[in-house]
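The figures that follow rest on heavy atoms only: side chains count, while hydrogens, waters and symmetry mates do not. So you know, we letter chains A, B, ... as the sequences are listed, proteins then strands, and number each from 1.
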Amino acid sequence: MNRSPLRARAAVGAAALLLLAIGAAACDDTLIDPFDNDGRIYTVYGFLEEDFEDLRHVVRVIPVTRIPEVITDPADPRGDLDAVVTSTDLATGETHRWTPALERLDDGTYAHLYRSAFFVRRGHTYRLEVTRSDGRRAWAETTVPSPSGIEPVFGAPVVGPGGAITQEVTLPRVASPWDVTVIYHVGGDFSTTPMPVAYGREGTPTDDGGWRFTIHVSRDRGRLSARLGTPVDQVRFPAMGLKIRLLDDQWTPPEGVFDPEVLAQPGALSNVENGYGFWGSIGLFQHDWQLAPELRTLLGF
Amino acid sequence: MRPMAPALCGLAMLLAAAAPAAAQTASVRGFVTDAATEQPLQGATVLLTDGTTRAGTATDGDGHFLLRRLPAGRYVLTVSFVGYAAHTDTLVLAAGAAVERRITLAEGAAALDEVVVRAEGETGLTAVAAGLQTIAPAQIERVPVPGVTGDLAGYLQTLPGVVAQGDRGGLFFVRGGAVDQNLALLDGLPVYLPFHILSFYSAFPEEIIDGADLYTGGFGARYGGRVSSVIDVRARNGNKQQVAGEVALAPFLSTARLEGPLVPGRVSAIASVRQSFVEQLFPDLLGQRLPYRFGDRFGKLHAFLSPNHSLSVTALHTSDRGDLAGTRKRFDGEDDATDLPPPDTTLVSWENLVVGGRYTYRSDRWPLLVEAAGGRSAMTNEVGPEDAPDRASEIESYDAALDATFFLRPAEVRLGGRARASTFTYALGGLFQDVEEAEQTLTEIDVYAETVLALAGERLRVQPGLHLYALPARGQQWIEPRLRATYRPAERHALHAAAGLYHQAVAGLNDERDVGNIFTAWLPTPEDAPVPAAAHALAGWRWQARPWLALAAEGFYKTFENLSVPLFSAFPRFTTALQPADGAARGADLRAELHGRPFFYESTLDGYVSYGLAEVEYDAAQATYHPAHDRRHQVSALLHAARGTLGFTVQYQFGSGLPFTSSGGFDVWHLMTPDVDVARDPGVLRVAYNEPFGRRQPAYHRLDVWMERRIEREHTVATLRAGAVNVLNRANLFYYDLFTFQRVDQLPLVPSLGFKVELR
């Protein structure tokens, strides 16, 4: 065999290529873990609401799993969730341990719910902790909005086309209320019944960070008339009120829109450390007032 | 509407540049064909020398060449082509003479270092010319795929910059472009899904390919309507002298081809049928399910109506069906899960039907070639059970085209236009929000003008052009300048560059969040949205270092605008909205090719090594990310040793890991407003996706080994090929199904045995 150096080099090169391929393929790992969870163990949803009539609170805790957890049988062993939920008022140190329950949802599946009951104090910061038996925990904090010192500014009643009576209200320092309810205290001067009319998120923000909306007094009076089954001119309300729910500062979706496509992102509208989800709080602003004489005159009582 | 004046001005300039010169010169024209089959040889080098004057060109797709403006005198004409013995002739040209030659080349050895004149049609892995890779059948044959023939798809995967997302699914990405941004043509007609379900195979049988041009970017003015790449396949005409054919039997893909003269010397026909039997023969090969059924049927009639007129009719039908998740494993990679029923979402099928004709007129009086072509292309693409697909997308389009080439010197001028009317029908079953079920139409008009200028003694070839892309129903049009150039500073060196602007009004929506979901929904881009656009720039260098060794390097940069990509919703898959995105792709390739290197005992070595470095980035409204086809490093190597009738091939492919979106796990999501009662509302099952495409899969390695033996007789050639794909049985990941908790691997070690008999 006449083997020139060049041919020898070619043979060596070919062999080296093969060995390189085999070596590279053999040494490189083919396994992959497509789950990349940096210690996020629970998803938490719920909120505290300042409500003088209802002190109960609930949160849903969902374990973050590699396989979707759908419990259809209350006897399912997964129904016993390894989690302890506590809340602490960071201003007072008052702590509550929430009671777990596996409860049936509207679609027939079961969810891990934790319940507790206590007064929610405006301006206080609460911390919710969900702790696993191994000590790993997820937590979230919320500061209950404190809508104190807000004095609504009322415009003069306006009589529009067809005799419709409206009145504009401006709420200083209320940038974006979640919803507004107008309360009509229906009855005589000494005994009234509060009757709510929902306004939802009607209104517009003002330039100085407030909120402005219009109360449709005569329209609402017609609705109350229908609800009560009495003639309109007999629906009298010497006083009115406002009930406004305010969300905590963290409860602000991107660009102010609750868009499912955006908010479904795990990091969107999420304040849970070591987990996913959102735990917020709602503050309540309430204000009652006697009807101005001019409005009563326009309404005929 | 943009003014037309620049386009007309440019056209006038092109024509002016091509103005014919004085008359008292001679010309030589002719055809170069294969001596055995009379097939035209595209890319053959034609060289004319008289000691001082040199003129050269390369044959076109019909094997035609024309050399004009030759001073009277005595010349030596040399015609050469890789794999054929060179032809030499002496010509004496009188002033004003127009000499015509029909030259046939017989197969045989050709010394590469004799080739000094190269047009863009030159072939070989290193023979890139600004993104153009001209592919000859012999090259395709050199890259074995399971079976006993080669295939264009197998060859394409060896090219740097061409990324196949897996060995099934038929999705190819070219230098950063998405699947729908590739224009695939067969004899000038679009083939919308040009690859079979097993990605080794294209819709174009190797046996029927006369040649193919792959433009990975920077394509010239004659192409339009796509923003990334072009694969232009020319089908062979049948043998006009004698009956020929072949039968190849192999489980992956068996082939039958028959061709021959209907009117000897004038009219020929060729037909080919390919069908896979792997599903029936090996439903459980080495413990792996191979539920793939695919095939294609091709036919072409070609007739010389007269010496100057020819007519051809081409038809192609392809069909594919299978379960992409044919090989599934559990998460740890240990336990096969072949007994699990396939989820409907991985059952896919598609069909192509292309029928068209082409008429060619070559003037005797004028240096003019006119081609008129037209036809119908249809495609159906479905996901889900065969009798009740979950989603479907169909296209039916009609093309009419007219092209004229003026063979002037020093410029060749090409003018042409195309009209394409398409109907898109789709039922997406909520795959993309706001895009549900509809039938839409789109009319596209392409008009182009380009010239090829040979300057500086043929050392510099410049190909400027203008392409007008118009949507008449929308009143929209774009003028797209294009430029390609090649400069040969020395005999063995070539520098090349290309640039251009591109637009595309047809979009293929693919849920790229999920690699296992290959379904592409084709539809027109919305009328109220800007159409996708791209700009390309490429530059490279080629060096024929030795007669048997060529080296090449090329860099590219592409920008994309107005793309539509899925929004990375955390909702369970198959429902997503679209978001706008821009993108950029950049990279460089290095290639070395060994050709006919003598080796031990009269054996020869052929082979190549290529390395591609690339980066693709999308800037979407939601995030900036590297999409699923962003393969950073790609190495492909092939070594083929041949001695007499024996051949041995080793092929290795490496690809760095493709990006994927990892999951933080499953949970439930509530649209968290104060109105939600979490004690009653079940919420929505959610995948807690992490950063889009923030992680990468393991690298891809595949080593294939093949042995081949040819037995030649007077009228037959028998070929036996045995080998295996993925001989290291490496578990290359295709995708991981987060919902069924299974990984799907690419093909494991798969042996293959094939036998072919050719009648010649």
Side-chain angles (χ1 to χ4, degrees), chain A residues 1 3 7 10-11 14 17-18 20-22 24-26 28-38 40 42-43 45-47 49 58-60 62-70 103 105-107 109 111 113 115 178-179 245 247 251 258 260-261 263-266 269 276-278 280 282, chain B residues 331-333 433 567-571 577 597-601 605 607 609 637 639 641 650 652 654 660 662-674 676 678-686 688-690 694-695 697-699 701-703 728 730-733 736 738-739 741 743 745:
Chain A
M1 183 168 65
R3 185 171 181 170
R7 290 175 181 176
L17 178 66
L18 272 177
L20 178 69
I22 294 169
D28 199 11
D29 195 2
T30 65
L31 296 182
I32 185 173
D33 185 351
F35 292 96
D36 193 1
N37 187 320
D38 51 352
R40 296 169 187 255
Y42 296 116
T43 296
Y45 287 105
F47 54 86
E49 182 164 11
V58 61
V59 294
R60 181 177 181 183
I62 303 127
V64 178
T65 55
R66 287 179 172 241
I67 297 174
E69 184 191 271
V70 179
E103 297 187 21
L105 304 175
D106 285 349
D107 68 348
T109 62
L113 299 178
R115 294 181 182 277
W178 170 252
D179 57 13
R245 294 201 296 173
L247 307 185
W251 208 335
F258 284 86
E261 284 296 330
L263 298 185
Q265 301 305 312
L269 194 60
Y276 302 105
F278 185 78
I282 297 173
Chain B
F331 166 68
D332 56 13
Q433 291 183 354
L567 191 73
F568 286 89
S569 166
F571 289 134
R597 176 78 182 99
F599 201 50
F600 297 121
Y601 293 110
L605 276 182
V609 178
L639 199 63
V650 180
Y652 171 66
F654 165 83
F660 76 98
S662 64
S663 162
F666 288 93
D667 66 356
V668 169
W669 174 76
H670 286 279
L671 178 59
M672 200 58 201
T673 72
V676 170
V678 296
R680 297 185 59 189
D681 179 12
V684 179
L685 181 66
R686 176 174 75 168
Y689 284 118
N690 292 314
R695 286 185 55 197
Q697 296 178 2
H701 299 263
R702 201 183 85 208
L703 186 69
L728 300 178
R730 179 183 165 82
N732 288 310
L733 180 68
Y736 189 94
L738 291 172
F739 294 84
F741 201 54
R743 67 176 281 162
D745 282 340

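Minimum interatomic distance between B:Val668 and A:Thr43 (heavy atoms only, all atoms of both residues): O-CG2, 3.9 Å. The shortest heavy-atom contact between A:Ile282 and B:Pro674 is CD1-CB, 3.4 Å. Summarising the geometry of A:Leu105 relative to B:Asp681, their closest heavy-atom pair is CD1-O, 4.1 Å, with the distance given to 0.1 Å. When all heavy atoms of A:Pro34 and B:Phe660 are compared, the closest pair comes out as CA-CE1, 4.0 Å. Contact detail for A:Phe258 and B:Met672: the closest heavy-atom pair is CE2-O, 3.4 Å. For B:Gly664 against A:Val64, the heavy-atom pair with the smallest separation is O-CG1, 3.3 Å.
Looking at B:Asn690, only its side chain comes within 4.5 Å of chain A, counting heavy atoms on both sides. With a 4.5 Å cut-off on non-hydrogen atoms, A:Leu263 touches chain B through its backbone and its side chain both. With a 4.5 angstrom heavy-atom cutoff, B:Arg695 touches chain A only via side-chain atoms.
With rounding to the nearest 0.5 angstrom, the CG atom of A:Leu269 is 9.5 Å from the CH2 atom of B:Trp669. Atom OG1 of A:Thr65 sits about 8.0 Å away from atom CG of B:Asp667, to the nearest 0.5 Å.
Listed for the A:Trp178 side chain is no donor-acceptor partner under 3.5 Å among the backbone atoms of B:Thr673.
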